[in-house]
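Read through the structure below, which is laid out as structure tokens, and then see the notes.
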Amino acid sequence: MKNKPKIPSTFTIVFCVIIFVAICTWVIPGGEFVRQTVEIDGETKEFVVPDSYHRVSSQPQTWQIFSAFFKGFVKTSNIIIFIFLIGGAFWIFNYTNAIMVGVNAFLKRMQGLQQRKVFARIDINMLIITLIMIMFSLFGAIFGMSEETIAFTMIFVPIALSMGYDSIVGISMCYLAAHVGFAGAMLNPFTIGIAQGLAQLPTFSGLGYRFVCWLVFTFAGICFVVWYAKKVKKNPEFSPMYQWDNLWREKTQQTTVANNEPETVQRASLSAWIVWLFLTVVFVVVSFFEPITTIVLGKNAYALPIIPVLTALFFVISFVCLRKNIHYFILNLLLFSIFALIVGVLGYQWYVMEIATLFFIMGICAGIAYSCSLDKIFQLFLEGCKDIMSAALIVGLAGGIIVILQDGKIIDTILYAMSNAMQDAGKFGSLSVMFVFQNLLNLIIPSGSAKAALTIPMMAEFADMLHISRQTMVLAFQFGDGITNMITPASGVLLGCLGAAKIPYSVWVKWIWKFILFLIVVGFLLLLPTLYFSFNGF
């Protein structure tokens with residue numbers, strides 16, 4: 001029996017991409033567009049001036065393929081630090097075994113429900129996967145959840161393993177769901193908001209048809225993951241991660257055995273009560289200074305007393321948890337950290353720094369509540385950083401792809417060449433080229449806001465010349481930006497999530513590429529009605 005060929009590591013694949021891009025800088029001539037700044041929703045953005053392309057001296061890249069790692073690290077430093085803080089914090093949190101205690105209790109409760117006649121014909125596990133994916137898809141569609149999924153990956157992978165699935169199902173429940181929602185977004189400020197502003201369209205206009213697109217994308221994502229999950233449940237060796245998941249399985253089994261021992265059901269210590277009192281005081285102080293939080297959803301803003309409500313709930317629920325079990329209290333810390341994350345993102349425009357700080361604090365509080373000394377807490381934190389280091393390093397290496405493209409002066413040349421391809425293609429052909437172009441460009445520039453600034457001003461002019469709605473052009477950008485985010489090796493978020501889940505990039509690509517092609521076809525079919533029918537906002 002022949003040995004299967006060894007699958008190259010994620011580092012090898014990304015480094016080969018950097019070499020290929022560097023070769024392209026020797027073949028593709030250098031060029032640049034003139035850029036201007038414009039203010040959109042109070043933020044200054046840089047955008048391309050149409051018809052301003054001009055040739056510049058080529059900058060072929062040679063030894064820079066090695067310095068790209070350093071520059072990529074600098075360019076993606078915020079995500080890298082985010083990964084380290086999240087990894088360290090969750091290592092502390094996992095040391096308490098709280099997640100597995102909660103998972104075991106949850107699964108027992110679900111098994112109990114399955115015995116009842118009302119739920120006898122319902123696959124509870126499939127229902128759980130569906131509801132979680134809908135929630136994360138909404139997060140991606142409404143406020144553009146992306147980087148945040150790195151933290152949730154570390155929660156859902158062990159949960160999926162405990163339910164009898166694999167790490168791919170775990171990452172799909174949060175990362176894939178959020179990015180399917182991101183692709184079919186309704187109110188995403190990072191793609192739709194910026195693109196419509198640059199295209200001089202009313203912000204978040206065309207919401208009705210976008211909602212239909214979100215439903216289609218989300219339904220497709222759920223069906224794909226549920227189909228795969230059932231296959232893995234029936235035959236675990238069907239999973240391409242069957243061997244790689246052994247490490248997760250060992251951790252899960254060890255924790256499950258430990259959780260079945262009577263001594264692991266621990267009463268709250270004095271330190272846990274002190275943490276509860278301290279955090280309650282913090283909540284009260286924040287409630288005093290921020291009694292009303294303005295939640296922005298699209299063009300609508302809602303002034304609500306969210307923080308005072310969370311303060312009261314935290315006080316009561318934490319008190320009940322402390323009287324039962326220290327694990328329940330630590331789980332409650334995680335739950336309210338997630339609530340704080342949602343409120344922070346929607347109400348206070350939090351980004352990776354604030355989110356990483358939030359989970360770092362959560363990890364320290366969980367360690368203190370579990371009666372760990374500070375030395376022990378930071379020892380655990382460093383162990384977590386060590387465990388997640390490969391994910392952080394690969395993000396820095398992937399950042400080098402964009403560095404080579406920019407330093408080699410070929411990004412604008414590629415953009416210019418693709419835009420010329422649309423001039424004589426007609427309505428149908430031009431829309432097809434727009435869509436394919438945005439998907440391909442996203443493979444090297446995964447940032448939605450950066451790509452909008454690069455392409456939307458020029459695409460808007462082409463749309464007008466060809467009598468294509470600017471709204472349709474923005475929709476093509478939105479689909480193209482979101483779909484290939486889930487496969488591009490230039491995405492720090494994708495590689496960060498894969499690193500956290502310990503899934504090789506090559507395995508992920510082999511698993512998801514057919515689904516990506518399916519979404520591309522579905523996205524194109526959803527674009528076509530906007531050419532021939534009148535929709536509100538189009």
Expected output: side-chain [X] to main-chain [Y] donor-acceptor under 3.5 Å:
{"X": "D412", "Y": "F33", "result": "yes"}
{"X": "T484", "Y": "L443", "result": "no"}
{"X": "R55", "Y": "G31", "result": "no"}
{"X": "Y165", "Y": "Y228", "result": "no"}
{"X": "N485", "Y": "T488", "result": "no"}
{"X": "S167", "Y": "G170", "result": "no"}
{"X": "S58", "Y": "G30", "result": "yes"}
{"X": "E148", "Y": "S146", "result": "yes"}

Are the side chains of [X] and [Y] in touch, meaning some heavy atoms are under 4.5 Å apart?
{"X": "Q438", "Y": "N442", "answer": "no"}
{"X": "I394", "Y": "L498", "answer": "no"}
{"X": "I503", "Y": "I168", "answer": "yes"}

Side chains of [X] and [Y], donor plus acceptor under 3.5 Å:
{"X": "T191", "Y": "D481", "answer": "no"}
{"X": "Y348", "Y": "T293", "answer": "yes"}
{"X": "Q471", "Y": "Q196", "answer": "yes"}

Qualifying salt bridge (charged side-chain N to carboxylate O under 4.0 Å, His left out) pairs, either residue in residues 60-79, two or more places apart
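Listed once each, the pairs are K71-D407.
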Kindly assign one of parallel, tilted or perpendicular to the pair F428 and F524, based on the angle between their ring planes and the thresholds 30° and 60°.
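Aromatic pair F428/F524 classed perpendicular.
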Between L215 and F219, is a side-chain contact (heavy atoms from CB on, under 4.5 Å) present by the stated rule, with each step listed?
CA-CA 6 Å; L215 286 176; F219 179 75; over 6 Å; no
Enclosure of Y416 OH (heavy-atom neighbours >12, cutoff 6.0 Å)
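12 or below, so no.
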Considering residues, nucleotides and ligands other than F238, do more than 12 of their heavy atoms fall under 6.0 Å from its CZ?
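Check passes, neighbour count above 12.
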Using a 3.5 Å cut-off and no angle test, enumerate the donor-acceptor pairs between side-chain atoms of residues 126-145 and protein atoms at least two apart in sequence or in another chain.
residue: T130; atom: OG1; partner: M126; partner atom: O; Å: 2.8
residue: S137; atom: OG; partner: W214; partner atom: NE1; Å: 2.8
residue: S137; atom: OG; partner: T218; partner atom: OG1; Å: 2.7

Grab the two heavy atoms, one from G492 and one from V395, that are nearest each other, plus how far apart they are.
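Closest heavy-atom pair between G492 and V395: O-CG2, 3.2 Å.
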